[in-house]
Undergrad: 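Here's a structure for you.
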Amino acid sequence: MKLQFSRPDRYLARTGSLYAEVTGHRIDGAPGFMRGLRALFVSDTHVLGRTADGEIDALVGRMAATQPDILLLGGDYSDDMPGAERLFGALGVLRPPLGAYGVVGNNDAEAWEGRLKELRRVMARAGCKLLLNASVRLELNGGRLWIGGVDEYRYGRPDAAGLYPSARPGNGYRILLSHYPRMPVVAPDMMLSGHTHGGQFNLLGITPYAVGFERIFPPRLPGLCVAGLREIGDMKLLVSKGIGASRLQLRVGVKPEINLLIFE
């Protein structure tokens with residue numbers, strides 16, 4: 001399933017605009033208590049100083065239009081503190097029924113150097129909980145849904161140990177948020193990641209990651225997991241193409257997206 005807002009297709013486009021298509025994914029085989037759950041995953045917004053308030057509001061409007069039950073965020077919100085504050089100031093209107101949860105990305109660690117407690121407060125004012133090697137357990141229709149989040153890999157100390165049961169309980173489901181798509185020590189039922197921007201440059205299926213641009217993939221995770229939904233053993237992995245970029249403001253052959261997961 002793919003949901004799209006109308007906009008001319010562009011193979012080559014400058015980033016900096018917060019426009020993003022909605023890519024829908026039907027997650028088959030979900031536990032009964034999760035059937036019908038709508039989870040919205042958004043990563044790598046990279047709000048810029050020049051990003052207009054109207055663009056931020058329009059992005060939040062598109063997110064709200066998906067009617068999510070839960071909002072999950074993959075980090076790299078902005079390259080500076082004011083940008084992140086503006087983004088979360090707008091996100092505060094969403095308030096999905098099961099809450100909002102997010103992790104930090106490498107650009108957040110740079111922008112909020114040594115001040116992640118302040119980012120936590122900014123997110124909390126928007127009703128979003130920062131998960132820094134932490135998890136929450138949600139009671140849902142008689143089942144248990146764990147949402148875990150790990151620190152980012154470049155500057156932080158990611159540790160997924162103890163976030164949730166090592167094996168899926170009889171009536172439970174484990175989702176892990178990790179900015180980098182790296183296999184954790186304890187594999188969840190689903191991992192949601194960003195960081196790659198879908199390769200940002202894609203020429204006939206070849207991206208910088210395909211030629212070793214950044215070695216973020218240990219041997220247990222296929223090196224071409226730069227975008228999309230796939231299964232790795234018993235774990236489902238979704239790597240979002242994200243929306244913006246931090247340095248070179250250009251995308252080639254990679255459309256920005258937000259991801260709507262519908263569990264069935």
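Computed from a predicted structure; not experimentally measured.
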Undergrad: Is the backbone of Leu131 close enough, under 3.5 Å, to the side chain of Arg120 for a donor and an acceptor to pair up by distance?
TA: no
Undergrad: Under 3.5 Å, side chain of Asp69 to main-chain N/O of Leu37, donor-acceptor pair present?
TA: no
Undergrad: Using a 4.5 Å cut-off on heavy atoms from C-beta on, say whether the side chain of Gln200 contacts that of Val254.
TA: no
Undergrad: If I compare all heavy atoms of Glu152 with all of Val104, which pair ends up nearest, and what's the gap?
TA: CB-O, 3.5 Å
Undergrad: Is it the case that the side chain of Glu257 and the backbone of Ala20 share a donor-acceptor pair, with hydrogens and angles ignored and the cut-off at 3.5 Å?
TA: no
Undergrad: Judged by atom type as modelled, is there a donor-acceptor pair below 3.5 Å linking the side chain of Asp57 to the main-chain atoms of Ala90?
TA: no
Undergrad: Do Tyr173 and Pro188 touch side chain to side chain, with heavy atoms closer than 4.5 Å?
TA: no
Undergrad: Look only at the side chain of Arg86 and the backbone of Val47, and say whether a donor-acceptor pair between them is shorter than 3.5 Å.
TA: no
Undergrad: Could you walk me through whether Arg168 and Asp189 pass salt bridge (Lys or Arg N to Asp or Glu O under 4.0 Å), step by step?
TA: CA-CA 7 Å; Arg168 184 199 290 185; Asp189 300 297; 2.9 Å; yes
Undergrad: Output, in order, the C-alpha distance, side-chain angles, deciding distance and verdict of side-chain hydrogen bond (donor to acceptor under 3.5 Å, both in side chains) for Arg154 and Tyr180.
TA: CA-CA 9 Å; Arg154 181 168 296 175; Tyr180 280 74; 3.3 Å; yes
Undergrad: Is it the case that the side chain of Asn202 and the backbone of Gly253 share a donor-acceptor pair, with hydrogens and angles ignored and the cut-off at 3.5 Å?
TA: no
Undergrad: Tell me if a side-chain donor or acceptor on Gln249 pairs with a main-chain N or O of Ala245 at a distance below 3.5 Å.
TA: yes
Undergrad: With side chains defined as the heavy atoms from C-beta onward, is the minimum distance between His25 and Leu238 less than 4.5 Å?
TA: yes
Undergrad: Quick check: do Met191 and Met235 have side-chain heavy atoms less than 4.5 Å from each other?
TA: yes
Undergrad: Should the pair Arg137-Glu139 be classified as a salt bridge under the 4.0 Å nitrogen-to-oxygen rule?
TA: yes
Undergrad: Less than 4.5 Å apart, any side-chain heavy atom of Val136 and any of Tyr101?
TA: yes
Undergrad: What distance do Asn107 atom CG and Asp79 atom CG have between them, rounded to the nearest 0.5 Å?
TA: 4.5 Å
Undergrad: Identify the two heavy atoms, one from Arg95 and one from Gly127, that lie closest to each other, and give their separation to 0.1 Å.
TA: NH1-CA, 3.2 Å
Undergrad: Donor-acceptor pair, distance only, cut-off 3.5 Å: does the side chain of Arg38 make one with the backbone of Ile70?
TA: no
Undergrad: Which atom pair, heavy atoms only, marks the closest approach of Val42 to Ile243?
TA: CG1-CD1, 4.2 Å
